[in-house]
Protein chains: 2
Amino acid sequence: MVTMKQIAERTGVSVSTVSLVLNHRDEGRVKADIARKVRATAQELGYQPNALARSLRTNKIPIIGFVSEEVATTPYAGGIIQGAQDAARELGYLLITVSGDDAATVEQEVLALKRYGIDAFIYSAMSNRVVTIPQCLADYPLVLADATDRDNRFPAIEPDEFRIGYDATTRLIEAGCANIAYVGCTTPGPIIAQRGRLEGYRAALDDHGREFNEALVCNVDGNEEALRAVEHLFAEQHPDGFFCFNDSRAWYVYECAARQGLIVGKDISVVGVDNHRVIAETFAPQLTTIALPHYEMGYWAADKLISIVEHRDIAPMPNPLMLAPIPPLDGEEPVKMHCVLIEKESVRPQ
Amino acid sequence: MVTMKQIAERTGVSVSTVSLVLNHRDEGRVKADIARKVRATAQELGYQPNALARSLRTNKIPIIGFVSEEVATTPYAGGIIQGAQDAARELGYLLITVSGDDAATVEQEVLALKRYGIDAFIYSAMSNRVVTIPQCLADYPLVLADATDRDNRFPAIEPDEFRIGYDATTRLIEAGCANIAYVGCTTPGPIIAQRGRLEGYRAALDDHGREFNEALVCNVDGNEEALRAVEHLFAEQHPDGFFCFNDSRAWYVYECAARQGLIVGKDISVVGVDNHRVIAETFAPQLTTIALPHYEMGYWAADKLISIVEHRDIAPMPNPLMLAPIPPLDGEEPVKMHCVLIEKESVRPQ
DNA sequence: GTGAAAGCGCTAACAT
DNA sequence: ATGTTAGCGCTTTCAC
C-alpha cells in the first residue's frame, strides 16, 4: 500500500506538505510546482488514502448507518436502500446497512457501527408505520425513511398518502368512471397509509362534486374472504372504477373481473398502488400502477441526514414531486408517487 | 469515549495489560485477580473498543463487501443481503453493500471499500446469470451468490435449478396430474434457470415413465402475447398440471383458468417458482409456491467467504438441502428450494 | 512556504 | 507476570 510517507520521500518534501496538497489545502501555502510534483507522484504510485487512519485521526467517518428493525426482506427494502446509497455516494459517504429480527439484535449491530465511530443513522421500517426509535439511536443525528416516529422527534420522509389517494381517485374520475370503489385494507397493519389514502379518496370525490358512498369502500384482509368481499362489491355496487390499496387488492379485482367477463381497461378501470415486479410484468398494459417512492425516500433521507451532520444545506434532490406526472389511465408506465419531508427538531448533539 | 488508557490508569496497570485482558489473551500471562479488576473497570466505564484504531494497527477489518452491479432493487435482493448479513454477524463481521448501475460506478464504490482495508467480497447478480467479475475484485477472496462466473474462477452459490424442476414436476405427478405443462420463459434472460428447470422437468417425467411432449412446453415472454400462448396451451392440450417458471407465468395460468371456469386446486394443479409477496398473499391457498433460497444463498456465501479469509472451516450453516421438504400440493406453506455450492479454486492472494 | 513533531487508540515485540 | 516502547497512516499545530 502506498503511503504519504513514500510520496514525500520520492518527491523530496515532508509528509505534511503531501497531506496539505492531497487534501486540497495547499492554496497559497504550497508552491504551485511542488504541489504539482506531489500530485504527479501520487498519481504515478497509484496512491489511495488510508481511510482508517484518516478517520482515526479526525474522529469522523463518512459512513452512515441504515438501520431497520424488520427483516429487510420486503420487496420495498431494495429501493429505499438503493436510494440512500446513491445519495450517500454522491456526497462522498458509504452506507452500511444493518437489521435484525428483534430489538436486541438491532442494538448489537448498532453498537458494532458505533465502534467504528459511525454516528449518523437512517431508520426505516420498510412500510410506513408508527415505530418506536431504539434507545441506542435516540441521541444521534437520525432521519426516518418510510416510517413515523411514535414520539415525533425526528425528521421523517414518508409517502404522501393523502396525495396518493387523491390523485388516484382523480385519475379515475377524469377517465370517466361514474362509480369508484376503494379496495383498502383492514386497519391494524398499515394504518397510516390506509387512513391517508382513504382521506385522499374522499377529498377527491368531494372536490369533484361526487357523493361519498360508504358501500363502495371495501376493506379486506386476504385470501378467500377478501375475494368474496370483492365479489360482493361487484355484485351489489357495479363499480366501474377501482382504487386499490396494493397489488393483492388489485388482484382480487382482476380475478373477479375475469370471472364475470369484464375487461379491465374497457369495462372497468383500475388504479393500484405498489409496483411489485409481477404486477408490472403482467398487469401493466391495463393497470395504472402507482409505485411508492421508495427510492426517493431513501435518497432524500440520506440527503437530509448528511445536511444535518455537515451543518449545511445540500442542493436538494431532484424533487420527487416533480417526477410524478400521472400518465393517462391507459398508459403503460408505472407512476412514481410523491413523498413528503416531515420536519422535526432533529437531535443534533453538540 | 472510554479508552484503554483510562482503564489502565483507573486500575493501576499498563495499557498492554488491559489490551491483553480485553482481548482474552491473558490466560497464564496476567494474574487472575488483575484480569478481573481490569474487566470490572472496563464494564464499569462502559468501555467500547475503537474498531478503527484496532483495524489500523492490525491491518485487518472484519467487514465484508457485498457488491452487485445491477440495481439492488429487485425483490430478491433483500433476502440475499439479509442472509449474508446474518451469517456475517454470527461470525463477528459487518456487511457493507455497494451497487451501481454501471461498471464504473461499481468500481468507484469498491475502491472506497478498499480504502478502508476491506479485502473480501461477495458478488451477486440478483438472479442467476452469467456475469463477468469486475477486474477490481478479481484479486481478492470472492464468493458469488446467485450468479455464475463466466470464467469459472470463484466459488459460487447458486440455486439448484435442476432440482427445482425435478421436484416441482414430481410433486405434480404425485398429485395425480396426467398432463403436465411447463410454462417457462424465452431464453435470452435467465438462461441458466430456464435450462436447468426444463431439464429437471424432463428428467422427472422420464423417471416416472411419462413421455415428454414438446407441445406441453410453453415458453413465453410477457403480457398479451404470453396470455394468448397460455390460452392456446389450455385449448389444445388441456393440461391438468402446470409447472410455472415464475409468478408472472403462474398468473397467466390463473387468468386463463378463471376465464374458463377452471378451479385451481380442483380442476388443475399449479406449482410456481418465486415467492413475491403478492403471490403468497393471494394465491397461497391454491398454489404451491417454490421460493428460491435467496436468504440461504446469501448466508452460505458469507459463510464460505469468511471460511476462506480466516483459513478455517466454519461450522456449516443449517443445510438448505435439509430445509426443503416440499409439502403436499394443497399445502399453504411456500417451499424453500435448494441451493448448491459450486466449488472453484478461490483466489486467495498471499 | 515548508518541515518537525505530537498524537488519534490500539497491538505486539521486547524488556524487565 | 507486567511494563515500556514503537509504530499503524494520517492530520494538525507550531516553529522556522
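This structure is a prediction, so every number in the text was calculated from the model and none was measured. The sequence lines fix the lettering, A, B, ..., with proteins before strands; numbering per chain opens at 1.
Within residues 28-51 of chain A, the residues that place at least one heavy atom under 4.0 Å from DNA chain C are, in residue-number order, A/G28, A/R29, A/V30, A/K31, A/I34.
Within 4.0 Å (heavy atoms only), A/S19 reaches at least one base atom of the nucleic acid. Residue-level contact check: B/N59 touches neither bases nor backbone, having no heavy atom under 4.0 Å from any strand. Within the nucleic acid shown, B/G12 comes within 4.0 Å of sugar-phosphate atoms alone, with no base atom in reach, counting heavy atoms only.
In this structure, B/Q6 atom CD and C/dC8 atom P are separated by 11 Å, rounded to whole Å. Protein atom CG of B/L52 is 15 Å distant from nucleotide atom C1' of D/dT11, rounded to whole Å. Residue B/K60 contributes atom NZ, which lies 13 Å from atom C1' of C/dA12 at whole-angstrom precision. One interatomic measurement links the two molecules: CG of A/D26 to P of D/dT11, which rounds to 13 Å at whole-angstrom precision. For A/L20 and D/dT11, the CG to P distance is 10 Å, given to the nearest whole Å. Between the CD1 atom of B/I61 and the C1' atom of C/dC10 there is a distance of 14 Å, rounded to whole Å. With rounding to whole Å, B/K5 atom NZ is found 15 Å from D/dG3 atom C1'. Computed from coordinates, the A/L22 CG to D/dC10 P distance equals 9 Å when rounded to whole Å.
In this model, no donor atom of one side chain and acceptor atom of the other lie less than 3.5 Å apart for A/S19 and A/S16. For the residue pair B/T97/A/Q85, the side-chain donor-acceptor check at 3.5 Å is not satisfied. For the residue pair B/T41/B/R10, the side-chain donor-acceptor check at 3.5 Å is not satisfied.
The neighbour count for B/K37 NZ, taken as heavy atoms of other residues, nucleotides or ligands under 6.0 Å away, does not exceed 12.
Relative to the side chain of A/M4, the nucleotides D/dC10, D/dT12, C/dT11 differ in distance, and D/dC10 lies closest. Taking the side chain of B/V13 as heavy atoms from C-beta on, and the options C/dC10, D/dG3, D/dT12, the nearest nucleotide is D/dG3.
Evaluation of atom-type donor-acceptor distances gives a pair under 3.5 Å for the side chain of B/R57 against the base of D/dG7. If you check distances only, the side chain of A/S16 does reach the base of C/dA4 with a donor-acceptor pair under 3.5 Å.
Take the nearest nucleotide of DNA chain C for B/N23 and for A/T17: the residue whose nucleotide is more 5' is A/T17. Sequence order on DNA chain C of the closest nucleotides to B/R25 and B/L56 puts B/L56 first from the 5' end.
A salt bridge between A/R129 and A/D149 is absent, with no side-chain N of the basic residue lying under 4.0 Å from a carboxylate O of the acidic one. By the 4.0 Å N-to-carboxylate-O rule, A/D86 lies close enough to A/R89 to be salt-bridged with it. Salt-bridge formation is not detected for the pair A/R36/A/D33: no Lys NZ or Arg NE/NH1/NH2 atom is positioned less than 4.0 Å from an Asp or Glu carboxylate oxygen.
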